[in-house]
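Position 1 is the first residue of the sequence; numbering continues from there.
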Amino acid sequence: EVGDGWNCNELLRMKRNKLGPTADIDDILSGFDVVYADIGGLSGPDGTLESLSLLDALSYSLRPRCIVIKSLCMRRLASSLRPYATMEKSL
């Protein structure tokens with residue numbers, strides 16, 4: 001199913017519907033194993049901050065083991081990051 005990432009209650013409701021009417025509240029609130037986020041349209045000047053905000057909200061509310069992201073602005077951010085160990089050697 002596809003849900004709106006900004007509406008975490010809807011995502012939990014989808015999980016409750018999949019588990020059935022006899023689902024325990026702990027099972028519903030335990031979150032998801034994997035969340036796939038296709039973050040399109042957030043590549044403007046504030047796209048990186050909005051993407052990070054969305055991923056933060058998803059991680060705290062759904063508690064997934066893994067978040068898979070498809071996002072141009074996040075790819076640009078990731079390609080500009082360098083491990084501290086490599087930077088320390090150059091100092």
Side-chain angles (χ1 to χ4, degrees):
E1 286 187 57
V2 177
D4 180 4
W6 293 106
N7 190 346
C8 295
N9 284 333
E10 176 189 344
L11 297 174
L12 288 173
R13 195 173 309 115
M14 287 170 36
K15 183 174 184 182
R16 183 185 66 208
N17 292 341
K18 287 286 186 191
L19 292 174
T22 59
D24 186 0
I25 190 69
D26 291 331
D27 291 335
I28 296 169
L29 296 178
S30 66
F32 290 79
D33 287 334
V34 179
V35 171
Y36 296 93
D38 183 358
I39 305 175
L42 294 179
S43 57
D46 296 326
T48 303
L49 294 176
E50 290 177 3
S51 298
L52 288 171
S53 174
L54 174 61
L55 296 173
D56 189 51
L58 290 172
S59 68
Y60 279 112
S61 62
L62 303 179
R63 301 182 183 271
R65 288 184 304 119
C66 175
I67 298 178
V68 179
I69 309 159
K70 178 186 167 200
S71 168
L72 180 60
C73 62
M74 295 308 296
R75 176 185 279 180
R76 287 181 186 149
L77 173 65
S79 68
S80 69
L81 299 176
R82 299 288 174 249
Y84 178 75
T86 60
M87 295 181 67
E88 187 178 272
K89 291 178 186 175
S90 67
L91 295 176

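Tyr60 belongs to no hydrophobic cluster, as no Ile, Leu, Val, Met, Phe, Trp or Tyr side chain comes under 4.5 Å of its own.
Rounding to the nearest 0.5 Å places CG of Leu52 at 7.5 Å from SG of Cys73. The structure places CG of Leu55 at 5.5 Å from CD1 of Ile67, a figure rounded to the nearest 0.5 Å. Note that the CE atom of Met74 and the OG atom of Ser79 stand 11.0 Å from one another [nearest 0.5 Å]. To the nearest 0.5 Å, atoms CG (Asp38) and NZ (Lys70) are separated by 4.0 Å. Distance check: Ser51 OG to Asp56 CG gives 12.0 Å after rounding to the nearest 0.5 Å.
Using a 4.5 Å heavy-atom threshold, the side chains of Val34 and Val68 count as touching.
A continuous path of hydrophobic side-chain contacts links Leu58 to Leu77 [ILVMFWY only; heavy atoms under 4.5 Å].
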